[in-house]
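Worksheet: one structure, shown below.
In what follows, chains carry the letters A, B, and so on, assigned in the order in which the sequence lines appear, proteins first and then strands, with residues in each chain numbered from 1.
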2 protein chains.
Amino acid sequence: MATRSRRPERRQEPLSRERIVEAAVELLDTVGERGLTFRALAQHLSTGPGAIYWHITGKDELLGAATEAVVAAAVAVEPSGRTADSPEDTVRAVALGLFDATEAHPWLAMQLAMQLSRTPWATVAPRIFESLGRQVRAMDVPEAHWFTATSALMHYILGAAGQNAANSASAARAGLTGGDVDRDAFLDTVSAAWEALDPEEYPFIRAVANQVRGHDDREQFLAGITLVLAGITAHHRPGH
Amino acid sequence: MATRSRRPERRQEPLSRERIVEAAVELLDTVGERGLTFRALAQHLSTGPGAIYWHITGKDELLGAATEAVVAAAVAVEPSGRTADSPEDTVRAVALGLFDATEAHPWLAMQLAMQLSRTPWATVAPRIFESLGRQVRAMDVPEAHWFTATSALMHYILGAAGQNAANSASAARAGLTGGDVDRDAFLDTVSAAWEALDPEEYPFIRAVANQVRGHDDREQFLAGITLVLAGITAHHRPGH
DNA sequence: ACCTGAACACCGTTCAAGT
DNA sequence: ACCTGAACACCGTTCAAGT
């Protein structure tokens, strides 16, 4: 007799939206987007698939709630209390929070793209935008540039986070568990793939292929943030 | 007797990968990702669902090929011949090509995120990276900064394009057909939604909400590109 | 070599029926 | 009020059979 569920667990406190979302995040992290089904989720919660619909309207809301939960946790680096750090450093902290979240939850980036196209700016985008915008305001940026500067930061972060999630997912699929050695091996693979591209068609990529090997993702990401911050600062110097 | 298909069309030249991908893009554009099914695609091509599998291994490859086709067309602004324009202007052209592509194909941004996480850097990312990298090289950037600068540009573009695709999709779903008047109406909706946010929790967003109304998406996008380009330039001045 | 279409193993979602 | 689980209308994919 095979065990039916690897999660017997005592009884079960009554189902709740919170518990369902929590279980959904867990499933997304462990078995991926394709593994998150209402049947699997129900089994995980020791209930039937129909029960979930009492608390959640459908799969769209479920994915949205999972995304929001993870983003909210990632962005909560600024506890609305003491703001001893410089705005630039706080931007870096928020950015890194999201970056690391996409590494821990490789499904996040795609869900962000998907989420944004469902309910516009619904709940997750304003969170990020507000958090970054406060720091922009705290810098020397004139009000007319607030929107552009904050948008640029957010777009860079979302793009980079998406890219990182992609890489993490690829590495995970290649069976690399995430240790530094494995990560290096993965980057070697990428670098080798780049060097294998047609030199006629991709001369630039081949020229920088060796720069990929051994570089640190987070460091690279922060270098980009610094670059965008430099652009924000440079933009309203005398002459602009 | 109802007509069975709204696409009788003479006979049909024999099926081909190219024709299938073309039809897939058409379906994605008209009925969205959820509307692209093998059965619908087969009907569109006056054949059976099984026939498609002779030319394409499965849905993943189908979506990947559709994405690549659209990206390749969008990035092909630099005909490898005369390069009279400045590198900065070429960056703007490539960036705008992708931006407009996400407007014409709202499913593109999500597919980009998805695609990148399947086969790493497979076919679409190198195309974009190469195209931008050539321009970075043509600017005054020292070789050590090529990778960072090109990455920053690409990440900003992907993030902004994703955001734009999201907005386009939302506007389309709201029944706005894309004319300027409708677009303005949509932005009014966004602006109003922002102003309705809790002022305690979102003070910054409320402060910039009025800046959204009447702003031009493409102009805003290009302002971000200019900002990133300024960051790239500023970054290797004396003192850095 | 290329196409057909029934069949299989799933999905998300609904809903009468239970407690 | 909350949960159950069978049932419905789909999917992607396979594969024997055709041409």
Q) More 5' along DNA chain C: A:Pro49 or B:His55, using each one's nearest nucleotide? A) B:His55

**Q.** Nucleotide D:dC3, atom P - distance to CG of A:Leu45 in whole Å
**A.** 10 Å

Q: Check the distance between D:dG12's P and B:Lys59's NZ and give it to me in whole angstrom.
A: 4 Å

Q: Just call it for B:Leu36: base, sugar-phosphate, or nothing, with non-hydrogen atoms closer than 4.0 Å on any strand.
A: sugar-phosphate

Q.
Would you say A:Trp54 places a side-chain N or O within less than 4.0 Å of OP1 or OP2 belonging to D:dC2?
A. yes

Q | Heavy-atom closest contact (B:Leu158 atom, A:Gln163 atom, distance) | A | CD1-OE1, 4.5 Å

Q | Spacing of B:Leu41 atom CG relative to C:dG5 atom P, expressed in whole Å | A | 16 Å

Q | Nearest-Å distance for atom pair OH/P, residues A:Tyr53 and D:dA7 | A | 18 Å

Q) How long is the line joining CD of A:Glu33 and C1' of D:dG12, in whole Å? A) 17 Å

Q. What is the base-pairing partner of D:dA1, counting Watson-Crick and G-U wobble geometry with both distances under 3.5 Å?
A. C:dT19

Q | C:dC11: pairing nucleotide in any strand, Watson-Crick or G-U under 3.5 angstrom | A | none

Q. Would you say B:Ser131's side chain and B:Arg127's backbone share a donor-acceptor pair under 3.5 angstrom?
A. no

Q | Length of the line joining B:Phe38:CZ and D:dC11:P, which is rounded to integer Å | A | 12 Å

Q) Looking at the rings of A:Phe147 and B:Phe204, which for Trp means the six-membered one, are their centres under 6.0 Å apart? A) no

Q) B:Arg39 CZ to D:dT14 C1': how many Å, rounded? A) 12 Å

Q.
Parallel, tilted or perpendicular: which one describes the rings of B:Phe221 and B:Phe99, with boundaries at 30° and 60°?
A. parallel

Q: Provide, to the nearest angstrom, the distance between the CD1 atom belonging to A:Ile52 and the P atom belonging to D:dG5.
A: 13 Å

